[in-house]
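All figures in this text were calculated on a predicted structure; none of them were measured in a lab. Side-chain atoms are counted along with the backbone in the values below, which use heavy atoms only and exclude waters and symmetry mates. Sequence lines set the chain letters: A, B, ... in the order given, protein chains first and strands last, and positions in each chain run from 1.
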Amino acid sequence: MNGLLGTASLLRLVLRRDRIRLTVWVLALVGITAASAAGVASTYDTAVKIASYQRNIGSSPASVAMAGPPVALDTIQGIIVYETSLTVLIGVAIMAAMTAVRHTRAEEEVGRTELLASGVVGRHAGTAAAVIVACATSVVIGLGVTASVAAQDFGTGASLLYGASVAALGIVFAAIATVAAQLMSHARTATGATLAVLGAAFALRAIGDVQGSGLVWLSPIGWSQQVLLFDGDRWWPLAVSLLVAALLLVGAGWLTTRRDVGSGVFPDRRGAARAGRSLSSPLGLAWRLQRGTVIAWAVALVLLGLVFGSFSEQLENMVEDNPTLQQYFEQTGGSVTDAFFGTALLFMGLGAAGFAVASALRLHGEEGAGRVEPMLAGQVSRWRMLLSPLVVTLGGAALLVSLGGLGVGIADALVRGSADQVLRLVALSWVQLPAVLVLVGLAVLLLGWAQRATALAWAALGFAVVIGWLGGLLRLPDWVDGLSPFQHLPQVPVEPVALAPLLALTLLGVGLIALGAVGYRRRDIG
Amino acid sequence: MTTAISAHDVVKTFGTTRALDGLDLEVATGEVHGFLGPNGSGKSTTIRILLGLVRADSGETTLLGGDPWRDAATLHRRVAYVPGDVSLWPNLTGGEAIDLLSRLRGGLDERRRAELLERFDLDPTKKARSYSKGNRQKVALVAALASDAELLLLDEPTSGLDPLMEATFQDCVHELRAEGRTVLLSSHILAEAEALCDRVSIIRSGRIVQTGTLAALRQLTRTTVIVSTQQPADGLAGVPGVLRVEHVDGKVHFDVDTDHLDEAMDYLAPLRVTSLVSHPPTLEELFLRQFGESVEPVEPTDTESAGAR
Ligand SMILES: Nc1ncnc2c1ncn2[C@@H]1O[C@H](COP(=O)(O)OP(=O)(O)OP(=O)(O)O)[C@@H](O)[C@H]1O
Ligand SMILES: [Mg+2]
């Protein structure tokens, strides 16, 4: 196995570089699972509540599409799996994909692989080290999940099976990312391709679960969820996961021997010899570099909006059949569809924030790569360098929430046969923007004053997503919830648009950006 | 003589590293000024201060009559820069990168752009991520050389270029000088500095240790002489300025301080010189001597004397 020579030392290097990153992933995913499992257990603490959960949530296609197969919902353990599995599954898949790409294609792209490959290191050693770390971390997360649910009386067998199903998905996505890293000559496209596969896996299993069809078997997430905890406890679907992962890894190994270090299997195409007219300013460059990302996000959010919107009619029927829920919504004053639209818009806001934070921090990556220096050596002031790309960031975020709202509105119009909500939803989607602006402000502040801590902006985003996604389940103190700017937004359309909090968040965001710009003007570049 | 760049007593620290430690640098308008020094001596840091990318802790710096930190954006209309380590946007083509960099600086000469692409044999339709190091360097060079900048700051611009391209680059610099433009050229390649520079400054540990024309710098150093005489030259070691006298194969090898050369010749002449080889110090020797390493001077007779030692 000459090709694997030096794997051990590369493994140590990867662990050394990623020890904090991986620890955060493990703690975050295990912590969220443990906290939400405990939250579910204490929320549904009587047989009546469990029965009502099964009746209402378990029969809602919207919920099944977002969560997974509705099995064993007459037990609290079944509800815990139903509520927690998708979050940790998607989390572990993203972790594995990012880790695998980061230590293969990304390294190769900056030329470090060449440096190592010229030493006593086998051709496959780098890939092997990355895959081992990604898979081992998946297993650790799986064990953490096992421990978290064992605390909720899952029993040894089911706890282990749940953990294994999580680890198996991580392993599959480490393998998918490894193949993508061989095919693409660019880390960004390799990660993007892997996440697109994850999106497709989610969609296939969502449709399959709603229809109860075999489509789930085309999805790696499906394999992990088809262990059917507390309704058969099957181990064999995980054998499918491991077999596919093994085949993919063999394929990746074969691809490695088929291509040159530094290039992908798909070669780069040629391009224009002259720059278009718009490529003449930091703003033009930002648009050029980010337009692909904007389009990808736009497609994703429109699709998500369409999925959300298509459930609106079913929701109304569901509430009509259920006096308890009806009463609940009469008390809170809104209609069930409005509450649902509110959640949909929050998701659009969080998605737009994900784009916006990445977009704002782009400048950090550009500086690290030495591409800001030559721009500032032109007639570009620091102000312009920092602020003009924010037009793409904030304009992109506004476009994304609008398109998400439009998606919800169009699907709703199609299923109900009335387009009266479309414009309202697009307009209300803008309520999310002040919260996005605050996260962008934080990113800019860090760019100006604490470059090394830019990861904090990601942490703040992750926190906002977790609070938005799991919110009440975690039962955190109000002030902790309140650290997410999205918590301060009026909950439209149930609540009216309150201007005061929107204005306050906007001022905070602008203030943070201004403060960041002051720092950026004073500090050394590079 | 007007000055394009003047730096006085510039200090810059990065944490505990003192990258510049009282640097003084003068570059006259219209000259090609070599900026030489070992790795980590502060060349790139100096250039980045001159571009206002990095702020000096103390000291005064003037660039084209302005303050490089405060007036950065306006001064840059008149300055072109080639970084030491060129990094390009992976999914832009070389041609697009050249246009972008030039437009950010304030325009370029179209005819010259086309001509330089030709001369540097660069394909502008390739994506930057598929360029070799040398080709990335060429992109930055074309963008800088096609500009109408009066001052060019070039940080090791030829690292990664092959000898043919190196020659093309030297031609371009000669043309720039003919047009009266000013060039600050940091380099490790001494032959390049010898071929191009009017004056050089040598930096070490953040200080300029020597500056002047190549001729003047050579003046400060020693000439190596190999001579044979009919009468023994035993008293040579006593002549002022003469060092390292060695007798090899009936010839005398010695170094002499360049300003004592005439005294040595006066001493030798009556002894009836039968052969004499002397060579001025190369920049290489000058450079190495500055940095304290003891180097064997390059000896033209090396091969024949090797066996005798
Ligand atoms: N951003 C920075 N942070 C910390 N230290 C730095 C930074 N930039 C430069 N230094 C340090 O300052 C010193 C001078 O570096 P500089 O890059 O100016 O050297 P140089 O003469 O250009 O070297 P080379 O010939 O290798 O390019 C080095 O010790 C370097 O490590
Ligand atoms: Mg340097």
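- Only the side chain of A:R382 comes within less than 4.5 Å of a heavy atom in chain B; its backbone stays farther off.
- Looking only at side-chain heavy atoms (C-beta outward), A:L289 and B:N91 come within less than 4.5 Å of each other.
- Between the side chains of A:R270 and B:T125, at least one donor N or O sits under 3.5 Å from an acceptor N or O.
- No salt bridge links B:E96 with A:R274; every basic N to acidic carboxylate O contact stays at or beyond 4.0 Å.
- Taking the side chain as every heavy atom from C-beta outward, A:P282 and B:L104 approach each other to under 4.5 Å.
- Ranked by heavy-atom pairs shorter than 4.5 Å toward chain A, the options B:A97, B:S87, B:G95, B:A80 are led by B:S87.
- Contacts of A:R521 with chain B are made by backbone atoms alone, with heavy-atom separations under 4.5 Å and no side-chain atom involved.
- Atom-to-atom distance recorded for A:M375:CE and B:L53:CG is 12.5 Å, nearest 0.5 angstrom.
- Counting only heavy atoms from C-beta outward, the side chains of A:L279 and B:L92 approach each other to under 4.5 Å.
- Contact check for A:I525 versus B:V54: no side-chain heavy atoms found under the 4.5 Å cut-off.
- Put simply, the side chain of B:H76 never gets that close to the backbone of A:Q379: no donor and acceptor are under 3.5 Å apart.
- Of the possible donor and acceptor atoms, one in the side chain of B:D99 sits under 3.5 Å from a partner among the backbone N and O of A:A275.
- No side-chain heavy atom of A:R523 sits under 4.5 Å from any side-chain heavy atom of B:R55.
- Interatomic distance, B:R103 CZ to A:R277 CZ, rounded to the nearest 0.5 Å: 9.0 Å.
- In this structure a side-chain-to-backbone donor-acceptor pair under 3.5 Å is present from B:T93 to A:A272.
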Would A:R288 and B:W89 count as a side chain to side chain contact (heavy atoms under 4.5 Å, CB included) here? Give the steps. CA-CA 10 Å; A:R288 171 68 189 270; B:W89 300 272; over 6 Å; no
